[in-house]
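Written out below as structure tokens is the structure these notes cover.
Not measured: the values here are computed from a predicted model. Counting begins at 1 with the first residue of the sequence.
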Amino acid sequence: MRSRIPLLATLTLAASLLAVPPAQAVDYPFQNPSLPLEQRVNDLLGRLTLDEKLSLLHQSQAAIPRLGIAYHKNGTEALHGVAWSNHLNDGWRQKLANGTVFPQAVGLASTWDPKLMKKVGSAVGDEVRGFNDVDPILWGLQVWAPVVDPLRDPRAGRNEEGYSEDPLLTGAMATAYGKGLQGDDPFYLKAAPVLKHYMGYNNENNRSLTSSNLTPKLKREYYEQGFKAPISADAATGVMASYNLVNGRPAHVNPDLNTEVRSWTDKTLYNVSDAWGPHALTDLQKYFDNKPEAFAAVLKSGQDSFTIDDSNSGPLVTNLKAALDQGRIAEADVDNAVRHVLSIRTRLGHFDLDGGPYKKITKDVINSQEHQKLNRETAAKAAVLLKNSGVLPLAKPQSAAVVGPLSAKLYRDFYSGQMPYQVTPLDGIKERVSDVSTGEGLERIALKHLATGKYITATGTGADDNAALTDTAPTAASQWDLTDWTSGVSTLRNAGNGKLLGGDWRSLDTDDAEPDGWYVGQQFALERQPDGSYLIRYAGYENVEGWYGLPDPYVTVTADGALALAPKAEAAKFGKEVVADGIAAAAAQAAKAEVAVVVVGSHPFVAGREFHDRDNLQLGDGQKRLIEAVRKANPKTVVVLETSYPVIVDAPNLLWTTHAGAETGRAVADVIFGDVNPAGRLTQTWPASDNLPNKLDYDLTKTGMTYLYGKGKPLYSFGHGLSYTTFGYQGLEVRGDKVSVKVTNTGKVKGDEVVQLYTHQRESRFKQPVKQLRGFERITLNPGETRTVSFTLKKPDLAVWDHTRNKWVVENATHDVLVGSASDRIRQTTTLRVSGESVPVRDLAKTTRAMDFDDYSGIFFADETKVSGEVVEGSAGDWISFTGASWGTRLTASVSSVSGGSVEVRSGSPTGTLLGTLQAPATGGIYQYGTASATVKAGTGSLFLVFKGDLRIKDFALTR
């Protein structure tokens, strides 16, 4: 070992704030790759000062020159390609990557191909290293991906970021992508993936203030599984806490992060907060009184990194020091978290003198030809053929009309980088068809203020060039190309300057080329009134912010004739005049062409995205009219639907793709011309109408959301997707823990089939899903070829969560075994008798947690304390029930109440026989529990606890 650097040299090194050249590095045990991980981590931990330790708990970790430790930043976004990060040396501004952009996450999962998914993850991991080679300060190696929130509601703004409504499919895809990101080295990490967002996070509206009510059963069986699978497979190095509350407690102080999540693996996890999340505990959620208390709770809950205050770790260090001084945490708590930090950084090669084996990856991998090819392959394999009347595949047409707002344009989304190049659907089709006409298919309109007769007119492209009522007859400056995107939200592009009309906080201007950034102000809804006039609602994203102060803003006209935003009551009325009918023009083009391709869909920054749920599933009115007009003009019309989420669209020939990256156009052409036989499958149910349950109701068993519990007929089912060939199924067998079926390509062309295995448990103590995915495999078959597809289905795979005893249990039951090509297209069935156990009668004489109910109504699931535990909170008329139970006469309950209340004990139903009444005294606060008692009638069957006042019940017993 070389001698240590003397003090003078150490002081010289201290002048470097960010990085230490390898030649100046010193040899300490923590730098020795031949030593065990724990020994290396402990050695480094022992050399750190308290301030240095605390600084490592921040997202932006300053260099420690005296130990040769370089700067490190957490959180490079890499959901479907390297997306963006923030630069320490440039005011912490967001910097977009310029590399390979793969299909959006929901599109990646639509391949149902984990092997391909791992290749994509590996390519993204390579590019993370490539960007890190370019700028290690900007591009950190801890990546915040994948997102495994289940897609239980298609209106959720972040639908594009997740994989599926099914936990098994979500877990399989997350595992594959995470394995690819990490690389195959048994110790070192190419990148360190972090799963988002733990947990119960599927609404954006008031996301930091709403609490997700998760029953213990659904929490275990559904909401945890997408996280558990990749963590258990060592395909992720940690989780990120979500913004919402879960059962009354902010997810940023969820004790599961330290207990449940870490129990799934014997590897060290490095958990992180979401941006600003720790501050929300005091500033927004008001859960804690001060920062030291809140930050201490975050640390003790199992989070090791605070994503706050940009690059400034000062507030974190100050508040954690205060927490130490106040005895809220001990230095051992700090050391525990720092060990997690150092463990992952060691595995990333940060402390190896040569940077570890993945350090050799250079910028040459970024947007390489290999990755471009993989992008094209993945985008084609992800495309889902929703309907086909026989028009597809197109047979070498001589002419084509390619129209629609997405025909000649590709868009990035909030979690992607910039595409280095673009091959649009128009480009892809032009590579195959010599005679191609095109157009956006948009209406060009003028908006006439009915009170004055003047038109909304652009005055320039600068931030101070506000749109105004000036033109008395439509000119280019007062004409607007209207794009109706989804959910009734549109953009207006000025015909004169090519810029979008946008809300500049309260005024209107035209200084933006595209919707982009966090605040998307270029969004409007033209609302037709009974008299034929229009109100123009401003739908900019910032109007949901608390500071904005102008709910439901509309375009108005001030006394001096200027445009402004005001409440609806002050909205101005406008006439909508169609200056040029792009829909009619597109139909005319289609009528002259041999085939027509209409490319419609969503804009990733408009109507739905992080922080903004959709209100409905509708495609914009203009786009629907475009589809109808072109179809009427040309029966050989193909509709390409490019969206981040389900929308209600029905056409005879319909191909769905997500925003799929630079090769979208070639991938679409590959499919519609038959070079690729489509085999993408939907990973979530596409509802047939907007008549959906409350977005904030997370109880799938009650709402019927997802294919697991839905009983109505959807527009398109989970697992749905068509092919250009046909497949036959035969010979389904179950032998031991193996399920096998023969699949034959009965058509005339080679194709892929996604064979899907489902089960349904016929008898159960608990409500069971209609059916549940148990396995899947994507296979390729030549015409006439037969293959036996086998799945492993072990007895423990059929376990359910027994909330009466708080354990997993396999019940004695008969299971339907179902194999097919979609959840609604089962081709072969058989049965499987499983020898398990019968759940015994509930003995309520034993202390029973109130949260372990069998059913409930109107109840709020609440936090027992600010540290741990869950209770039931109710008010007049709310109830919980316990079925298949027996009970005695002496009721004793642990309750809390501010003002006191009562609970009626009834049998059979909430209005059944009254067995007794429990009087609950005021305990002084919701976290102060007391004991209440009552005498009731003993019995068996179903017991109901009906609330008659505001109180919480922790647990109870009905002794004999």
Side-chain angles (χ1 to χ4, degrees), residues 78-81 102-125 143-152 156 158-182 191 193-199 202 222-237 239-240 264 374-375 377-384 415-416 644-645 657-658 660-661 679-685 706-708 718-721 752 754-757 772-779 791 822-823:
L79 183 60
H80 54 112
F102 289 96
Q104 292 175 299
V106 67
L108 290 175
S110 299
T111 66
W112 291 62
D113 190 341
K115 292 180 180 177
L116 179 63
M117 193 73 153
K118 185 180 178 183
K119 288 182 181 178
V120 172
S122 182
V124 176
V143 296
W144 289 348
V147 173
V148 297
D149 301 316
L151 304 182
R152 60 151 193 114
R158 303 185 79 162
N159 193 89
E160 66 198 38
E161 298 177 37
Y163 290 137
S164 173
E165 68 184 32
D166 179 78
L168 183 141
L169 181 58
T170 295
M173 291 302 178
T175 298
Y177 190 71
K179 287 282 190 183
L181 284 169
Q182 289 184 170
V194 171
L195 305 177
K196 302 196 300 188
H197 310 82
Y198 193 85
M199 65 176 311
N202 199 226
Y222 186 75
Y223 290 102
E224 283 184 355
Q225 294 305 310
F227 296 89
K228 185 176 182 180
I231 293 290
S232 300
D234 294 326
T237 60
V239 301
M240 174 188 283
W264 298 334
L374 182 61
N375 178 197
E377 175 190 359
T378 306
K381 285 189 172 181
V384 181
Y415 283 99
S416 76
S644 308
Y645 34 67
T657 176
T658 58
R681 300 290 184 262
L682 295 181
T683 67
Q684 63 186 135
T685 303
T706 77
Y707 83 97
L708 290 161
F718 172 81
H720 172 75
D752 286 9
V754 178
V755 186
Q756 302 165 37
L757 169 66
Q772 185 169 356
L773 185 69
R774 299 296 186 180
F776 62 91
E777 186 174 349
R778 180 166 177 156
I779 60 173
F791 301 98
S823 62

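The shortest side-chain heavy-atom distance between Gln684 and Thr706 does not fall under the 4.5 Å cut-off. The shortest side-chain heavy-atom distance between Met173 and Thr111 falls under the 4.5 Å cut-off. Looking at heavy atoms from C-beta onward, Phe776 lies in side-chain contact with Pro114 at the 4.5 angstrom threshold. No side-chain heavy atom of Phe718 sits under 4.5 Å from any side-chain heavy atom of Arg681. Between Met240 and Trp144 there is a side-chain heavy-atom pair separated by less than 4.5 Å. Considering only heavy atoms from C-beta on, Glu161 stays 4.5 Å or farther from Asp149 through its side chain. Residues Pro150 and Asp166 form no side-chain contact, since every pair of their non-hydrogen atoms from C-beta on lies 4.5 Å or further apart. Side-chain atoms of Gln756 and Leu773, non-hydrogen and from C-beta on, do get closer than 4.5 Å to each other.
When atom types are taken as modelled, the side chain of Thr175 and the backbone of Gly171 share a donor-acceptor pair closer than 3.5 angstrom. Counting only distance, with no hydrogens or angles, the side chain of Thr170 and the backbone of Tyr163 share no donor-acceptor pair below 3.5 Å.
Of all the heavy atoms in Ala660 and Ala379, the pair that sits closest is CB-CB, 3.8 Å. The two residues Pro167 and Gln225 make their nearest non-hydrogen contact at CB-CB, 3.6 Å. Summarising the geometry of Gly661 relative to Asn375, their closest heavy-atom pair is C-OD1, 4.0 Å, with the distance given to 0.1 Å. Shortest non-hydrogen contact noted between Lys179 and Ala235 is CG-CB, 3.8 Å. Contact detail for Ala382 and Ser110: the closest heavy-atom pair is O-CB, 3.5 Å. Of all heavy-atom pairs spanning Val120 and Thr378, the tightest one is CG2-OG1, 3.6 Å.
Rounding to the nearest 0.5 angstrom, the gap separating the NZ atom in Lys228 from the CH2 atom in Trp264 is 7.0 Å. Atom CZ of Arg774 is separated from atom CZ of Phe791 by 13.0 Å, given to the nearest 0.5 angstrom. Atom CG in Leu79 sits 8.5 Å away from atom CD in Gln104 (nearest 0.5 Å). Atoms CG and CG, from Leu116 and Leu108 in turn, are 8.0 Å apart once rounded to the nearest 0.5 Å. Here the straight-line distance linking atom CD of Gln772 with atom OH of Tyr707 works out to 5.5 Å at 0.5 Å rounding. To the nearest 0.5 angstrom, Tyr177 atom OH is 8.0 Å from His80 atom NE2.
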Thr237/Gln182 under side-chain contact (heavy atoms from CB on, under 4.5 Å): CA gap, chis, key distance, verdict: CA-CA 9 Å; Thr237 60; Gln182 289 184 170; 3.7 Å; yes
Checking Asp113 against Lys381 for the side-chain contact (heavy atoms from CB on, under 4.5 Å) test, could you report, in this order, the C-alpha distance in whole Å, the side-chain angles of both residues, the deciding distance, and whether it holds? CA-CA 9 Å; Asp113 190 341; Lys381 285 189 172 181; 4.1 Å; yes
Working for side-chain contact (heavy atoms from CB on, under 4.5 Å), residues Leu151 and Tyr645: CA-CA 10 Å; Leu151 304 182; Tyr645 34 67; over 6 Å; no
Criterion side-chain contact (heavy atoms from CB on, under 4.5 Å) on Val106 and Thr683, from CA distance to verdict: CA-CA 7 Å; Val106 67; Thr683 67; 3.8 Å; yes
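Between Thr685 and the choices Arg152, Glu165, His720, the side chain to side chain donor-acceptor pair (under 3.5 Å) rule is met once, by Glu165.
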